[in-house]
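Remarks on the structure that follows.
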Amino acid sequence: VQLQASGGGLVQAGGSLRLSCAASGGTLSLYSVAWFRQAPGKERDFVGVTSWGGGVTSLADSVKGRFTISRDNAKKTADLQMNSLNPEDTAVYYCAATRGRFSSGHKTLNPNAFAYWGQGTLVTVSS
């Protein structure tokens, strides 16, 4: 499966952005899709995941209550709605997919668990 992330941009603190991950070359309903982010000089961090088979979602504590993750298998997209953004959310956001399935409550996931990656989209939050 090939992934393409889009929707990044520059936003003021307190604003919102919606990122979208479009899949091609595969049946999205058979993949779990996660969002990770990587700030300059830092490791790639887990943001959230939507699992295949029931659409269970989990979010990192740092974004819980502000971000939501959703999927539309028919449209082959998985979106990340980001509200109440702050400068600490500035990063390149990546979507990734795996055939693995996840239960709820994951606060973090290892990026190595995901075999398929999009190219990343930059989110910059100004103060």
Side-chain angles (χ1 to χ4, degrees):
V1 65
Q2 292 82 45
L3 305 175
Q4 184 168 0
S6 62
L10 175 63
V11 64
Q12 289 187 332
S16 299
L17 279 176
R18 188 176 184 90
L19 305 183
S20 185
C21 180
S24 61
T27 303
L28 188 65
S29 60
L30 298 179
Y31 291 84
S32 295
V33 179
W35 287 92
F36 291 84
R37 65 186 182 184
Q38 188 166 18
K42 296 189 177 181
E43 295 183 348
R44 192 166 295 189
D45 291 333
F46 169 74
V47 176
V49 65
T50 170
S51 181
W52 69 271
V56 171
T57 61
S58 296
L59 291 165
D61 285 345
S62 59
V63 304
K64 197 171 292 184
R66 301 187 297 123
F67 293 11
T68 57
I69 191 169
S70 61
R71 64 190 297 154
D72 187 327
N73 290 330
K75 294 182 179 179
K76 293 188 176 182
T77 58
D79 291 353
L80 182 68
Q81 176 67 43
M82 306 186 296
N83 300 325
S84 301
L85 285 162
N86 59 62
E88 289 71 36
D89 296 315
T90 294
V92 177
Y93 284 70
Y94 298 90
C95 60
T98 182
R99 287 299 309 273
R101 192 171 176 178
F102 301 95
S103 58
S104 63
H106 284 279
K107 297 181 183 298
T108 188
L109 288 173
N110 190 329
N112 293 331
F114 293 81
Y116 307 97
W117 289 83
Q119 83 286 7
T121 185
L122 176 62
V123 172
T124 304
V125 184
S126 63
S127 57

Nearest-0.5 Å distance, SG of residue Cys21 to CG of residue Asp79 | 8.5 Å
Taking the side chain as C-beta and beyond, is there a heavy-atom pair between Tyr31 and Thr98 under 4.5 Å?
-> no
Is there a donor-acceptor contact under 3.5 Å from the side chain of Thr50 to the main chain of Val33?
-> no
What's the spacing between Ser62 OG and Asp45 CG if we round to 0.5 Å?
-> 7.5 Å
Heavy-atom side-chain contact between Leu28 and Arg71 under 4.5 Å = yes
Hey, is the main chain of Val125 close enough, under 3.5 Å, to the side chain of Thr90 for a donor-acceptor pair?
-> yes
Evaluate the side-chain contact (heavy atoms from CB on, under 4.5 Å) criterion for residues Gln38 and Tyr94: first the C-alpha distance (whole Å), next the side-chain angles of each, then the deciding distance (0.1 Å), finally the verdict.
-> CA-CA 8 Å; Gln38 188 166 18; Tyr94 298 90; 4.2 Å; yes
Is a side-chain donor-acceptor pair under 3.5 Å present for Asp72 with Thr77?
-> no
Indicate yes or no: at least one non-hydrogen side-chain atom of Val92 is less than 4.5 angstrom from one of Thr121.
-> no
Test side-chain contact (heavy atoms from CB on, under 4.5 Å) applied to Met82 and Val47, step by step = CA-CA 11 Å; Met82 306 186 296; Val47 176; over 6 Å; no
Output for pair (Ile69 CD1, Gln81 CD), nearest 0.5 Å, gives 12.0 Å
More than 12 heavy atoms of other residues, nucleotides or ligands under 6.0 Å from CD of Gln119: is that the case?
-> yes
ring-ring contact (aromatic ring centres under 6.0 Å, His included) partners of Trp117, counting only residues at least two apart | Phe36
Just by modelled atom types, is the Val123 backbone N or O under 3.5 Å from a matching donor or acceptor in the Arg37 side chain?
-> no
Are Leu17 and Tyr93 side-chain neighbours, meaning at least one heavy-atom pair lies under 4.5 Å?
-> no
Exercise answer: donor-acceptor pairs, residues 52-61 side-chain atoms, under 3.5 Å, sequence neighbours excluded:
| from | atom 1 | to | atom 2 | distance (Å) |
| --- | --- | --- | --- | --- |
| Trp52 | NE1 | Arg99 | O | 2.8 |
| Trp52 | NE1 | Gly100 | O | 3.4 |
| Ser58 | OG | Gly105 | N | 3.0 |
| Ser58 | OG | His106 | N | 3.2 |
| Asp61 | OD1 | Lys107 | NZ | 3.2 |

CG of Asn86 to OG of Ser126: how many Å apart, nearest 0.5 Å?
-> 11.5 Å
Does atom NZ of Lys64 have more than 12 heavy-atom neighbours from other groups under 6.0 Å away?
-> yes
For Arg44 and Pro111, work out which heavy atoms get closest and say how close.
-> O-CG, 4.0 Å
Nearest-0.5 Å distance that lies between atom CG in Leu3 and atom OG in Ser24 = 7.5 Å
Side chains of Asn83 and Ser16: do they bring a donor and an acceptor to under 3.5 Å?
-> yes
For residues Lys76 and Thr27, determine if any side-chain heavy atom of one lies less than 4.5 Å from a side-chain heavy atom of the other.
-> no
Are Phe114 and Phe102 close enough that their ring centres sit under 6.0 Å apart?
-> yes
